[in-house]
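Here the structure is laid out as structure tokens; the discussion comes afterwards.
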Amino acid sequence: MSKEHKDNENKGLLCNFTHEKAGMQGLDREKINKIIHDTSVNTEFFKREQEHIAIVEEKARSMKNRISESLSKGPDFIREINEEIYKIIQEIESERHLSETWIHVDMDMFYASVEIRDNPELADKPVAVGGNSMIATANYIARRYGIRSAMPGFIGKKLCEELVFVKPNFSKYREEGEKIREIFRDFDPDFESMGLDEGNLRVTEYLINNEMNHDEGRQELARIIRQRIKDKTQLPASAGIACNRSLAKIATDMGKPNGQYFIPFDKEQIIEIMSKMNVRKIPGVGKVLEKTLNELGVVTCKDILQKKYELYIAFQAGSFKFLASAALGVGSCYHHETREEQKSISLSRTFASTNNIEEINKYIAEFSREISEQLDEKNAQIKTVSVSLKTYKFEPKSKSETLGRYIYKELDIYEIAIKLYNELAIKEKIRHVGVRVANIIYRRTGAIDDIIEKVSKDPTPKQSSIKCFSQQCPVCNKVFMYTEKRMEIHLKQCLEEQSQKFQPKVVKKQKNAPQPTITLDCFYKKK
DNA sequence: AGCTGAAGGACCC
DNA sequence: AACCAGGGTCCTTCATAT
């Protein structure tokens with residue numbers, strides 16, 4: 001494929017919406033790509049995307065250089081590398097197991113299915129769950145127009161005038177999701193999932209116990225699970241059956257919609273199926289890795305094996321092994337160490353670009369309250385707080401701080417968050433702000449605090465209780481959006497800094513040197 | 001040396 | 001007329017020292 005043609009297909013966006021996702025075969029890609037391109041081309045998003053693409057391309061170029069360099073090192077060197085690769089392939093093969101059975105179950109266009117079930121009038125219309133800014137899921141009718149999840153709503157509307165938007169109703173999806181998980185638990189209590197609407201089940205024991213541990217039984221079980229889901233929720237599910245986790249997930253995609261796919265438990269057939277597979281179908285290959293691989297001439301899994309030398313040179317050992325394993329259809333087939341507790345909590349919001357501090361401050365205060373409430377429910381505390389933003393140019397920025405102590409109170413979180421926000425000192429307008437807490441421990445010390453707080457807590461404190469206002473520091477003259485307490489801290493620090501400045505330069509640390517402190521009064525006198 | 005923390009990314013749904 | 005989410009996890013790279 002010529003370079004020109006490729007550019008034409010990508011139309012300047014890293015995320016190729018018309019990539020053959022389920023339900024997207026045989027549509028007019030040319031036309032769809034043009035519409036997407038034309039409605040994107042003048043946006044900041046597009047500009048940013050261009051830069052991003054340039055970076056990825058540059059990375060790919062340097063990989064290519066490394067490859068040709070290595071190729072010029074002579075046959076001995078190349079032979080050595082090939083031996084190393086051979087060893088890795090052997091190692092991968094030794095990890096191939098064909099006697100475990102995984103069934104991956106995934107709901108078809110989950111959110112949209114729920115909405116259509118509850119409002120059958122939508123059934124024969126193109127439906128998108130989401131809003132003008134983002135589509136979470138589209139039904140199969142909408143997909144005929146090239147509309148799909150993670151596409152902005154306004155582009156969806158351009159692609160299909162009659163597209164019906166439905167506001168997402170997450171609590172409902174969570175409820176339905178819980179029903180599905182209940183079913184999963186019957187077949188594999190330790191099932192894994194990466195979202196509300198899917199589960200990856202290791203069903204080997206179930207099959208053995210029910211005397212159905214053979215190809216027919218495996219497929220029958222998938223049918224049974226899907227039927228159970230259908231009976232309980234009236235929602236369609238697809239499934240994939242294979243000998244390991246990631247193969248089962250890939251199989252589900254081939255079974256969609258409302259179907260299932262069985263990948264034979266046979267090395268040759270697995271490799272045969274995988275060889276035609278586009279690398280993007282590999283779980284863990286996203287748009288960036290896909291683009292990078294494409295630049296290196298790798299589009300399908302077959303290409304991975306054919307270009308194993310190049311990839312071995314270009315990537316780190318771990319990434320190489322990951323790619324080679326995927327291409328060979330080898331994957332882990334036992335459960336990961338059980339997933340522990342949640343590791344972070346975050347809230348964020350996107351809005352029309354602004355530099356209104358008060359508005360941003362309101363979000364930060366609100367997020368702090370909400371996070372604090374969640375910590376309360378979990379009886380947990382956290383040690384690190386981070387604030388993230390996106391400038392109007394979609395440039396992400398973040399600042400975080402790990403404290404020497406654990407906190408959980410709204411005000412404590414807020415004060416750190418707002419401090420971090422101020423330290424970021426972004427002058428441009430911003431379009432997004434978020435607060436995240438991490439380093440969570442699931443217990444709480446300082447119980448007395450809690451008791452006092454619980455007793456005196458207003459039962460309906462929906463408004464943030466934090467009072468912040470702009471105030472100017474008399475020392476540095478900067479204006480801050482602070483609480484009174486926070487302002488005191490700043491003033492103290494600011495004065496300390498001033499003290500340092502008035503100090504003669506200390507070359508060596510003097511022991512017990514009297515620390516000349518400056519008070520506010522003193523500061524004015526010197527002025 | 002290996003850890004930790006900070007910042008930035010990739011990826012998943 | 002303008003317009004590209006929000007909730008997570010995990011990984012890599014770099015800093016850093018009386």
Problem set entry | Phosphate-side-chain proximity, A/S133 and C/dC3, N/O vs OP1/OP2 below 4.0 Å |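 No, A/S133 has no side-chain N/O under 4.0 Å of OP1/OP2 on C/dC3.
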Exercise. Between A/K397 and B/dA7, does any side-chain N or O lie under 4.0 Å from OP1 or OP2?
Worked result: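 No.
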Problem set entry | Pairwise P distance for B/dG2 and C/dT18, with rounding to whole Å |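 Rounded to whole Å, the distance is 23 Å.
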Exercise. Taking atom C1' in both B/dC11 and C/dC3, what distance in whole Å separates the two?
Worked result: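 Result for the C1' pair: 25 Å, nearest Å.
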When all nucleic acid strands are considered with a 4.0 Å heavy-atom cut-off, which category describes [X]: base, sugar-phosphate, or nothing?
X	answer
A/E401	sugar-phosphate
A/K249	sugar-phosphate
A/E395	nothing
A/H336	nothing
A/T39	nothing
A/L347	sugar-phosphate
A/E198	sugar-phosphate
A/R174	nothing

For this session: Measure the distance from NZ on A/K167 to P on C/dA5 and round it to the nearest whole Å.
Result: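 The answer, rounded to whole Å, is 16 Å.
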For this session: By nearest nucleotide on DNA chain C, pick out whichever of A/R349 and A/S344 is the more 5' one.
Result: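 Taking each residue's closest nucleotide, the earlier one in sequence belongs to A/R349.
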Exercise. Angle class for the A/Y111/A/Y173 ring planes (parallel below 30°, perpendicular above 60°, tilted otherwise)?
Worked result: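 Parallel: the ring planes of A/Y111 and A/Y173 meet at under 30°.
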For this session: Go through A/K343 and A/N439 one step at a time and tell me if the side-chain contact (heavy atoms from CB on, under 4.5 Å) criterion holds.
Result: CA-CA 7 Å; A/K343 298 207 168 67; A/N439 259 316; over 6 Å; no
